[in-house]
Amino acid sequence: MAKEAQKLVANNKKAFHDYFVEEKYEAGLVLHGTEVKSLRMGKCSIKEAFVSIDHGEAWVNGMHISPYEKGNIFNKDPLRTRKLLLHKGEIEKLAGRVAERGYTLMPLQVYFKNGRAKMEIGLCRGKKLYDKRQDIAKKDLRREMERDFKVKNL
């Protein structure tokens, strides 16, 4: 089988800082022509974006795709809601989990896979302040250990 080519367009680091990501799903994006061209140029932001499920369909809200410079009248609203392509069973499962208290769907990254725009969404549970402090302490400890290891090996 051929190696799958992936080109990362946008990454949501804030989601990993503010949430525990329990499951990840890959979803296709329904886009118009000028939006795809703008995505290929890397003009996308998913920092404030979230995923909602309405009437058995998944939608991404708050995702900003900058208008394509040469798009003229074909450009769409940069903040419009865009449909996500998932299997019906996956959508039903996610809707059930989101109905539970404390769970939400967050976009984690947008990328091109074999020429198609994809979004990785995560089923997330919010972190408390003390959880964030624990994560920061772990990162600092790991950084110090790597620094010590590097000094010893020189």
Side-chain angles (χ1 to χ4, degrees), residues 1-99 102-129 131-133 135-136 138-140 142-143 146-147 150:
M1 235 163 51
K3 185 181 172 190
E4 294 178 349
Q6 283 191 0
K7 180 190 173 222
L8 186 65
V9 177
N11 200 356
N12 192 356
K13 292 179 185 175
K14 192 169 168 67
F16 291 99
H17 182 264
D18 293 338
Y19 298 94
F20 291 113
V21 179
E22 296 191 357
E23 294 179 32
K24 294 179 182 179
Y25 294 91
E26 182 180 71
L29 279 166
V30 177
L31 301 170
H32 290 278
T34 55
E35 290 176 323
V36 176
K37 290 181 179 187
S38 190
L39 263 185
R40 288 197 190 281
M41 291 170 48
K43 308 242 174 137
C44 175
S45 172
I46 55 173
K47 285 188 175 103
E48 289 86 35
F50 63 96
V51 177
S52 62
I53 297 176
D54 297 322
H55 306 294
E57 294 180 333
W59 300 87
V60 62
N61 303 297
M63 177 179 168
H64 187 275
I65 298 178
S66 299
Y68 184 59
E69 291 99 37
K70 301 173 183 130
N72 298 336
I73 60 169
F74 300 108
N75 280 330
K76 300 288 182 189
D77 178 29
L79 286 172
R80 73 181 184 90
T81 58
R82 295 168 179 90
K83 189 174 181 179
L84 293 175
L85 303 173
L86 288 162
H87 291 282
K88 187 177 180 181
E90 288 177 325
I91 292 174
E92 290 172 357
K93 180 181 175 186
L94 288 172
R97 293 294 299 268
V98 169
Y103 283 101
T104 186
L105 291 171
M106 297 293 296
L108 303 176
Q109 55 184 227
V110 177
Y111 54 91
F112 281 97
K113 183 176 177 181
N114 296 332
R116 303 204 189 281
K118 302 282 186 180
M119 176 182 279
E120 185 178 70
I121 60 174
L123 183 66
C124 304
R125 190 170 36 90
K127 284 185 182 178
K128 304 279 189 249
L129 184 61
D131 292 328
K132 292 179 191 177
R133 287 184 185 146
D135 284 351
I136 291 170
K138 285 179 188 175
K139 284 180 188 175
D140 289 343
R142 186 173 41 85
R143 255 189 235 121
E146 286 175 358
R147 193 177 307 124
K150 190 175 184 181

To check you understand the geometry: which heavy-atom pair defines the closest contact between S38 and S66, and what is its length? OG-O, 2.6 Å

Distance in Å, N11 CG paired with L108 CG, rounded so as to fall on 0.5 Å steps: 8.0 Å

Give every donor-acceptor pair under 3.5 Å between a side-chain atom in residues 50-64 and any protein atom, sequence neighbours left out.
unit_1	atom_1	unit_2	atom_2	d
S52	OG	N61	ND2	3.0
E57	OE2	K83	NZ	3.1

In this structure, CZ of F20 is separated from OH of Y103 (nearest 0.5 Å) by 11.0 Å

Take V98 and T104, measure what side chain to side chain contact (heavy atoms under 4.5 Å, CB included) needs, and give me the verdict at the end. CA-CA 6 Å; V98 169; T104 186; 5.9 Å; no

Working to the nearest 0.5 Å, report the span between CD1 of I121 and CD1 of I46. 11.5 Å

Please step through side chain to side chain contact (heavy atoms under 4.5 Å, CB included) for the pair L39 and F112, ending with a clear verdict. CA-CA 9 Å; L39 263 185; F112 281 97; 3.8 Å; yes

Within this structure, what is the NZ-NZ distance for the pair K43 and K37, rounded to the nearest 0.5 Å? 14.0 Å

To check you understand the geometry: which heavy-atom pair defines the closest contact between R40 and G115, and what is its length? NH2-O, 3.4 Å

List the steps, then state whether side chain to side chain contact (heavy atoms under 4.5 Å, CB included) holds for R82 with I65. CA-CA 11 Å; R82 295 168 179 90; I65 298 178; 3.6 Å; yes

Where do L123 and L105 come nearest, in terms of heavy atoms and distance? CD1-CD2, 3.8 Å

Just to verify, what does K88 make a side chain to side chain contact (heavy atoms under 4.5 Å, CB included) with, not counting sequence neighbours? E92

Any sub-3.5 Å donor-acceptor pair from K14's side-chain atoms to E48's backbone N or O? no

Just to verify, which of E26, K118, Q6, E120 counts as forming a side-chain hydrogen bond (donor to acceptor under 3.5 Å, both in side chains) with Y111? E26

Heavy-atom pair with the smallest gap, counting every atom of N12 and K47: OD1-CA, 4.2 Å

Taking every heavy atom of C44 against every heavy atom of A10, the minimum-distance pair comes out as O-CB, 3.9 Å

Would you check if E90 and K93 make a side-chain contact, meaning some heavy-atom pair closer than 4.5 Å? no

Could you please spell out the steps behind the side chain to side chain contact (heavy atoms under 4.5 Å, CB included) verdict for D140 and R143? CA-CA 5 Å; D140 289 343; R143 255 189 235 121; 3.1 Å; yes

Distance, nearest 0.5 Å, that separates OH of Y25 from CG of L86: 9.0 Å

For the residue pair L31 and R80, what are the closest heavy atoms and their distance? CA-NH2, 4.2 Å

